[in-house]
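Only one structure is covered here, and it is reproduced in the block below.
Each ligand, and each atom within it, is numbered from 1 in the order the structure gives. Since we're looking at a predicted model, the values are computed, not measured.
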Amino acid sequence: MTITDAREHLDDAARDWLDNVHGTGSGPTFEVLDPGTGRILAELSAATESDVNHAVEAARAAFEDGRWSERDADHREEVLLRLAQLVERDFELLVTIEALDTGKPRAEAWYDIKEVIGVLRYYAGWCTKATGTTIPAPRQYFAVTLRGPVGVCAAITPWNYPLPILMYKLAPALAFGNSFIAKPSELAPLSALHFVRLCAEAGVPDDVVTVLTGAGSTGAALAAHPGLDKIAFTGSTRTGRAIAHAAAERPTRVSLELGGKSPNIVFASADLEAAADGVALGIWTNAGQVCVAGSRLLVERSIHDRFVDLLAERTDAMVLGHSLDPEAQIGPMISAAQRTNAENVVASALDDGAVAVTGGRALAGPGFFLEPTMLTGLATDHPVSQEEIFGPVLVVDTFDTEREAVAKGNATAYGLAAGVWTGRAGQGQRMARGLSSGTVWINAYGVFHPTLPFGGTKASGYGRELGESAVEAYTEITTVVEDLSAGEGDDHD
Ligand code: NDP
């Protein structure tokens with residue numbers, strides 16, 4: 001199904017929504033494109049440095065006067081649950097906006113918005129359950145920890161999973177009483193703009209949640225602002241480094257989730273059909289534009305040819321298409337620039353002797369489509385085997401022993417995720433101990449859940465989101481120590 005203008009395929013609600021969406025800044029406008037057609041979806045105003053200053057001051061005032069930070073935890077729980085209900089009410093609209101804005105098939109965006117609801121409900125539960133502790137300090141003292149909000153938190157969030165990744169940060173921040181400022185990616189900011197309206201409707205007080213739209217300088221102005229208590233970033237290692245530098249000046253807490261070059265490791269003992277399904281899912285989901293994309297296939301040498309054939313069958317059968325095309329299984333890349341970068345990477349690999357078992361070309365016609373591309377014949381230390389491409393490009397490598405699989409699994413600067421496919425008891429757990437990776441999936445790939453801590457090691461960043469880890473990330477501990485000996489012996493009854 002060829003779609004050249006997505007608007008013609010929208011219902012009235014989505015069309016009206018797009019016609020009436022505005023940016024939140026006072027600066028010049030920027031265009032938000034449909035990656036499936038390259039056409040303009042919306043024009044939004046960008047936030048200037050003065051808009052950033054105003055947002056941080058307002059968030060600080062809201063935090064200090066306690067309109068949210070000092071509300072009872074069960075009140076915050078109710079509001080978060082109401083937010084989850086409002087996302088459910090607007091579910092179809094949000095799925096459409098997210099699909100259009102990112103280019104991913106609607107069926108994928110469906111899971112994303114379900115995940116948003118799950119994360120909101122999970123952290124609603126935490127509002128009343130994050131507690132301090134009593135400490136066995138010397139008996140002379142009574143020592144406890146109190147757990148409170150951090151203060152004004154900022155998030156700079158990416159375009160690949162706009163609303164879920166925003167929610168990993170925003171839901172726990174709200175649960176524990178923080179104020180929050182979000183700067184969504186200029187490439188896919190629309191769902192955040194709808195969500196902030198829902199916050200107001202759910203009863204989040206003014207200035208507790210702010211979204212700043214911007215392109216080009218808003219993120220840097222926000223990260224450099226001295227009024228922040230925490231910054232959470234998901235995106236490239238380069239920008240992560242710049243944010244960490246800016247934050248170090250004050251200093252401000254930072255958490256960074258910076259992508260990866262994750263290995264999917266297949267042993268000959270594995271159920272190869274299931275492994276091929278899992279490897280395909282791990283790299284072709286969201287056109288490979290996933291921080292945990294299993295972009296390096298490490299396959300035991302004895303099954304290399306057979307496994308590559310299994311994967312190629314699945315890959316060749318996949319349908320590329322516009323996000324609103326019900327047949328589509330792989331969407332476009334997010335932008336012309338990201339596609340050009342991936343095309344250049346593929347060309348350099350082919351120049352160096354790689355073979356494209358599948359794909360290798362950009363599609364002619366509207367949209368930023370690139371065929372899913374499997375490359376064999378590259379050395380482990382070739383730049384294309386080492387650098388994050390963030391597109392539908394898979395590099396295939398081999399190993400002979402478990403030890404070599406661990407060594408090659410760890411042989412990049414990154415450490416975000418890994419998959420291990422094996423039929424041997426204990427092998428997956430042994431591999432997990434050896435892999436330097438924030439998450440290891442065994443006979444599975446890409447499993448996310450609100451309960452599961454997520455984050456990276458090495459160049460993939462630091463800090464964990466989701467699960468109980470977010471309690472530490474969005475609360476501050478105060479240690480309170482009282483000397484009990486002061487009045488000892490006063491009472492002589
Ligand atoms: P970036 O990592 O460059 O992030 C862009 C965002 O960061 C924008 O919101 C931008 O705001 C902000 N920003 C840019 N410079 C600064 C700064 N100095 N301080 C604070 N904020 C800043 O992502 P891109 O979209 O350019 O993607 C580039 C690569 O990043 C991809 O190819 C991929 O490798 C990786 N990536 C990883 C993701 C992941 O999930 N880990 C997700 C998305 C991308 P403003 O527009 O105002 O400048």
Side-chain angles (χ1 to χ4, degrees), residues 23-25 27-28 30-32 35 44-49 51-52 102 104 112 154-162 164-166 168-169 181-189 192 211-225 228 231-249 252 254-262 285-293 295 333-345 368 370 386-393 412-417 438 446 448 454-456 459-463 465:
T24 55
F30 64 97
E31 293 172 350
V32 181
L44 304 180
S45 58
T48 60
E49 196 174 335
D51 295 325
V52 169
T102 58
K104 66 181 66 176
D112 294 356
I156 297 174
T157 53
W159 41 263
N160 55 343
Y161 290 89
I165 292 179
L166 175 60
Y168 298 174
K169 302 163 175 40
I181 301 170
K183 158 63 180 77
S185 166
E186 67 279 17
L187 296 172
V211 170
L212 291 173
T213 46
S217 60
T218 311
L222 183 59
H225 200 289
L228 301 180
I231 308 176
F233 172 70
T234 300
S236 67
T237 305
R238 185 179 47 80
T239 300
R241 241 184 246 125
I243 289 172
H245 274 290
E249 288 296 322
T252 298
V254 179
S255 61
L256 302 173
E257 197 273 86
L258 305 176
K261 189 77 174 177
S262 300
T285 298
N286 205 13
Q289 303 167 118
V290 183
C291 49
V292 298
S295 52
M333 296 187 66
I334 190 75
S335 65
Q338 286 286 131
R339 180 175 68 172
T340 301
N341 179 54
E343 278 184 277
N344 291 341
V345 165
F368 313 128
L370 182 68
Q386 291 289 314
E387 299 299 328
E388 182 174 54
I389 300 168
F390 227 65
V393 181
T412 72
Y414 295 100
L416 189 61
F448 275 75
F454 174 65
S460 295
Y462 47 79
E465 301 188 305

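Not one N or O of Ser185 is nearer than 3.5 Å to an N or O of ligand 1, by distance alone. Inclusion of Gly216 in the set of residues having an N or O under 3.5 Å from an N or O of ligand 1 is warranted. For ligand 1, the polar-atom distance check against Leu187 finds no nitrogen or oxygen pair separated by under 3.5 Å.
Contacts of Gln289 with ligand 1, taken as heavy-atom pairs under 4.0 Å, are absent altogether. Counting heavy atoms closer than 4.0 Å to ligand 1, residue Leu258 contributes backbone atoms (N, CA, C, O) but none from C-beta onward. By the criterion of a heavy-atom distance under 4.0 Å, the backbone of Ser217, and not its side chain, is placed next to ligand 1. The part of Trp159 lying near ligand 1 is the side chain, judged by heavy-atom distances below 4.0 Å. With a 4.0 Å cut-off on non-hydrogen atoms, Ile243 touches ligand 1 through its side chain and not its backbone. The backbone and the side chain of Ala220 each have at least one atom closer than 4.0 Å to an atom of ligand 1 (non-hydrogen atoms only).
Of all the atoms in ligand 1, the ones that sit under 4.0 Å from a non-hydrogen atom of Glu257 are 41 (N). In the vicinity of Lys183, heavy-atom distances shorter than 4.0 Å reach the ligand 1 atoms 8 (C), 9 (O), 11 (O), 45 (P), 46 (O), 47 (O). Here is the list of ligand 1 atoms found below 4.0 Å of a heavy atom in Glu186: 8 (C), 9 (O), 46 (O). Within the listing of ligand 1, atoms 46 (O) sit less than 4.0 angstrom from a heavy atom of Gly214. Near Gly259, with a cut-off below 4.0 Å to any heavy atom, the atoms of ligand 1 are 41 (N). For ligand 1, the atoms closer than 4.0 angstrom to any heavy atom of Pro158 are 42 (C), 43 (C). Residue contact check: Ala242 has heavy atoms under 4.0 Å from atoms 18 (N) of ligand 1. Residue Thr234 has at least one heavy-atom neighbour below 4.0 Å for each of these atoms of ligand 1: 39 (C), 40 (O), 41 (N).
The nearest non-hydrogen atom to atom 39 (C) of ligand 1, considering only Gly240, Cys291, Gly260, comes from Cys291. One option in Gly461, Ala154, Ser236, Ala223 has a heavy atom closer to atom 35 (C) of ligand 1 than any other, and that option is Ser236. Among Ala155, Ala247, Ala337, Gly219, the residue whose heavy atom lies nearest to atom 47 (O) of ligand 1 is Gly219. The closest non-hydrogen atom to atom 32 (O) of ligand 1, taken over Glu388, Gln338, His245, comes from Gln338.
No donor-acceptor pair under 3.5 Å is formed between the side chain of Asn160 and the backbone N or O of Asn286. Looking only at distances, a side-chain donor or acceptor of Glu388 sits under 3.5 Å from a matching main-chain atom of Gly260. Gln289 places a side-chain N or O within donor-acceptor distance of the main-chain N or O of Ile334, the cut-off being under 3.5 Å.
The heavy-atom pair separating Thr102 from Ala188 by the smallest distance is CG2-CB, 4.2 Å. Scanning all heavy atoms of the two residues, the minimum distance from Ile389 to Lys261 falls at CD1-NZ, 3.6 Å. Taking each heavy atom of Pro184 and Thr157 in turn, the nearest pair found is CA-OG1, 3.4 Å. Closest approach of Phe30 and Ser45 over heavy atoms only: CE2-O, 3.9 Å. Pairing each heavy atom of Ile156 with each of Gly219, the nearest pair is CD1-O, 3.7 Å. Scanning all heavy atoms of the two residues, the minimum distance from Ala223 to Ala246 falls at O-CB, 3.8 Å.
Looking from atom 44 (C) of ligand 1 to the surrounding protein, the closest heavy atom is Phe390 CE2, 3.7 Å. Distance from atom 16 (C) of ligand 1 to its nearest protein heavy atom, with residue and atom name: Thr239 CG2, 3.5 Å. What sits closest to atom 6 (C) of ligand 1 on the protein, heavy atoms only, is Ile156 CG2, 4.0 Å.
Taking CD1 of Ile165 as the reference point, atom CD of Glu465 lies at 8.0 Å (rounded to 0.5 Å). Between the CZ atom of Phe368 and the CD atom of Glu343 there is a distance of 12.0 Å, given to the nearest 0.5 Å. Put simply, OH on Tyr414 and OG on Ser262 are 10.0 Å apart, with the number rounded to the nearest 0.5 Å. Rounding to the nearest 0.5 angstrom, the gap separating the CZ atom in Phe454 from the CG atom in Leu416 is 4.0 Å.
With Thr213 as reference, Leu44 is the one residue of Leu44, Thr218, Asp51, Val32 to meet the side chain to side chain contact (heavy atoms under 4.5 Å, CB included) rule.
By the side-chain contact (heavy atoms from CB on, under 4.5 Å) test, Ala221 pairs with Glu49, Val52, sequence neighbours left out.
For atom 37 (C) of ligand 1, the protein comes within 4.0 Å by at least one heavy atom. Distance check for atom 26 (O) of ligand 1: every protein heavy atom is found at 4.0 Å or beyond.
Using the six-membered ring where Trp is involved, Tyr168 and Phe448 have ring planes that are parallel, under 30° apart on the 30 and 60° scheme.
Residue contacts with ligand 1 include Phe233, since one of its heavy atoms falls under 4.0 Å from the ligand.
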